[in-house]
Trainee: 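Sharing a structure here in structure tokens format.
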Amino acid sequence: MSSGSPEYLEQIRKEAEAELASVNDETAAENFRVRYLGKKGILRELLKSVKDIPEDQRKQFGAGANELRIQIEEKFNLLHSQKESDVTVDSSFDPTLPGFPFAAGSLHPLMNIRNEIRDIFLSMGFTVAYGPEVETDYYNFEALNTPPHHPARDMQDTFYVTAKELLRTHTSPVQIRVMEYQKPPIRSIMPGRVYRNEEISARSYCLFHQLEGLYVDENVSFADLKGTLLAFSRRFFDEKTKIKIRPSFFPFTEPSVEIDVECFLCKGNGCSICKQSGWLEVLGAGMVHPNVFKSVGIDSEKYTGFAFGIGIERIALLKYGIDDIRLFYENDMRFLKQF
Ligand code: DAH
């Protein structure tokens with residue numbers, strides 16, 4: 001039998017199949033693989049020998065040798081993978097039983113609300129900035145046009161750390177920090193935790209969260225403030241939400257306003273959430289006061305801006321229909337599991 005003949009290939013096939021049939025453990029399988037399918041294995045060598053076959057038989061022999069290699073390899077892989085999946089199952093183990101209920105964590109409801117608000121402003125081109133919770137009197141008050149002895153300081157009962165350091169009472173100081181290191185145009189939101197020395201009750205807690213917003217550029221007008229906050233309210237609450245703008249006072253804005261949104265529960269008809277008024281107070285806002293620009297070195301003749309502050313707990317209380325702010329801080333799983 002010549003080494004280029006079809007019979008020769010048949011001979012190799014028979015030997016390979018017989019050996020494969022007698023493979024009965026992993027070592028034997030590996031030996032077979034090396035002997036036949038390895039780099040220097042019989043089938044590879046066979047393919048290498050094609051070049052020495054007389055020309056008139058070369059093509060046919062090459063195709064036959066290649067096919068043989070593929071078939072043996074497939075048979076080997078089939079057998080080998082069959083061996084691997086051949087797992088014996090303990091009969092006391094019932095794979096159809098449900099798995100252990102691993103408790104998956106979830107985001108705190110306040111973080112859910114913060115993320116929803118943040119994502120709306122991110123989609124409008126705002127960036128996110130953060131500032132420290134232990135602030136200086138300068139950033140929390142003075143740079144925000146609230147000098148010592150200004151009566152507006154009484155609006156915010158402050159936890160002092162030292163005579164000049166305090167726990168920030170609002171996120172507005174981050175506005176100052178942003179304007180100090182960034183020149184206009186500025187479009188930023190600044191979420192964070194704030195502290196007030198207030199008596200703890202269902203309505204107020206010694207700490208809570210705010211989300212500050214700031215937009216500074218040439219020609220920013222009150223219409224931009226209104227348009228931005230209306231667009232936000234419609235995306236956050238309901239696409240037909242109306243807003244009501246009331247004059248108010250904050251030292252760092254002029255004019256200052258408070259914005260009410262139409263109650264999303266009763267659609268303005270009056271219910272217990274909105275205390276029958278049809279409106280919900282949700283944020284404070286205004287046009288940045290020239291004195292604030294002065295403290296950060298921004299030219300108030302060239303630039304204007306608006307700012308706003310949203311109380312995150314307030315929105316969460318309203319949105320989830322919760323009647324006691326303290327629940328957010330008790331870490332009671334029965335409460336948290338509902339979100
Ligand atoms: N900082 C204010 C507060 O804590 C909220 C606020 C009002 C922020 C008006 C602003 C603003 O940026 O323009 O009550």
Side-chain angles (χ1 to χ4, degrees), residues 1-130 189 191 235 331 333-334 336-339:
M1 183 169 39
S2 99
S3 66
S5 66
E7 291 79 22
Y8 179 62
L9 290 182
E10 235 2 83
Q11 165 90 16
I12 295 184
R13 176 197 301 281
K14 277 193 191 131
E15 284 170 15
E17 285 179 348
E19 274 186 52
L20 195 53
S22 68
V23 165
N24 55 2
D25 62 13
E26 264 175 47
T27 323
E30 180 59 11
N31 287 342
F32 178 89
R33 193 189 62 74
V34 173
R35 197 164 130 71
Y36 279 92
L37 303 165
K39 260 200 184 128
K40 294 220 159 85
I42 291 172
L43 296 170
R44 283 290 173 98
E45 292 297 327
L46 197 62
L47 286 172
K48 278 188 213 155
S49 73
V50 170
K51 63 180 190 312
D52 306 322
I53 304 292
E55 213 182 329
D56 56 333
Q57 299 164 31
R58 194 180 294 157
K59 200 171 167 199
Q60 197 196 356
F61 180 79
N66 198 36
E67 198 180 321
L68 177 61
R69 184 192 59 86
I70 293 171
Q71 286 171 354
I72 298 294
E73 193 167 298
E74 276 175 359
K75 277 194 180 154
F76 174 79
N77 286 343
L78 199 70
L79 186 92
H80 196 56
S81 55
Q82 266 174 356
K83 280 253 145 68
E84 272 184 3
S85 65
D86 207 7
V87 183
T88 47
V89 177
D90 177 354
S91 59
S92 66
F93 173 70
D94 180 355
T96 62
L97 287 174
F100 282 107
F102 283 110
S106 63
L107 285 183
H108 192 278
L110 293 175
M111 290 304 104
N112 283 335
I113 297 285
R114 184 205 64 181
N115 292 351
E116 273 181 51
I117 301 174
R118 179 197 62 195
D119 291 347
I120 293 173
F121 284 105
L122 283 180
S123 78
M124 294 188 198
F126 283 72
T127 56
V128 183
Y130 301 93
I189 52 164
R235 291 211 15 216
N331 291 331
M333 291 304 283
R334 292 166 302 178
L336 294 173
K337 269 191 181 154
Q338 297 173 53
F339 303 97

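Computation of the quantities below employed the complete heavy-atom set of this structure, encompassing side-chain atoms and omitting hydrogens, waters and symmetry-equivalent molecules.
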Trainee: Distance check, rounded to the nearest 0.5 Å: Gln57 atom CD versus Ser5 atom OG?
Mentor: 8.0 Å

Trainee: To the nearest 0.5 Å, what is the distance between CD (Glu15) and OH (Tyr36)?
Mentor: 5.0 Å

Trainee: Can you check whether Arg334's main-chain N or O pairs, donor with acceptor, with Gln338's side chain at less than 3.5 Å?
Mentor: yes

Trainee: Kindly assign one of parallel, tilted or perpendicular to the pair Phe32 and Phe76, based on the angle between their ring planes and the thresholds 30° and 60°.
Mentor: parallel

Trainee: Going by salt bridge (Lys or Arg N to Asp or Glu O under 4.0 Å), name the pairs with one or both residues in residues 44-54, residues two or more places apart or in two chains.
Mentor: Glu45-Lys48

Trainee: Rounded to the nearest 0.5 Å, what separation is found between the CG atom of Leu336 and the CG atom of Leu107?
Mentor: 11.5 Å

Trainee: Thr127: which residues meet the side-chain hydrogen bond (donor to acceptor under 3.5 Å, both in side chains) condition with it, sequence neighbours left out?
Mentor: Ser188

Trainee: If a pair satisfies salt bridge (Lys or Arg N to Asp or Glu O under 4.0 Å) and one of its residues is in residues 64-77, list it, with sequence neighbours excluded.
Mentor: Glu17-Lys75, Arg69-Glu73

Trainee: Of all heavy-atom pairs between Val128 and Pro191, which one has the smallest distance, and what is that distance?
Mentor: CG1-CD, 3.7 Å

Trainee: With salt bridge (Lys or Arg N to Asp or Glu O under 4.0 Å) as the rule and sequence neighbours excluded, what pairs involving residues 110-128 come up?
Mentor: Glu116-Lys319

Trainee: Between Val50 and Asn66, is any pair of side-chain heavy atoms under 4.5 Å apart?
Mentor: no

Trainee: Which of these, Leu43, Ile42, Ile12, sits in a side chain to side chain contact (heavy atoms under 4.5 Å, CB included) with Ile72?
Mentor: Leu43

Trainee: Which residues pass the side-chain contact (heavy atoms from CB on, under 4.5 Å) test with Asp94, sequence neighbours left out?
Mentor: Thr96, Leu97

Trainee: Show which side-chain atoms of residues 58-65 pair as donor or acceptor with protein atoms under 3.5 Å away, not counting sequence neighbours.
Mentor:
unit_1, atom_1, unit_2, atom_2, d
Arg58, NE, Ile53, O, 3.2
Arg58, NH2, Ile53, O, 3.4

Trainee: Using 0.5 Å steps for rounding, measure from the CG atom of Leu78 to the CG atom of Leu20.
Mentor: 9.5 Å

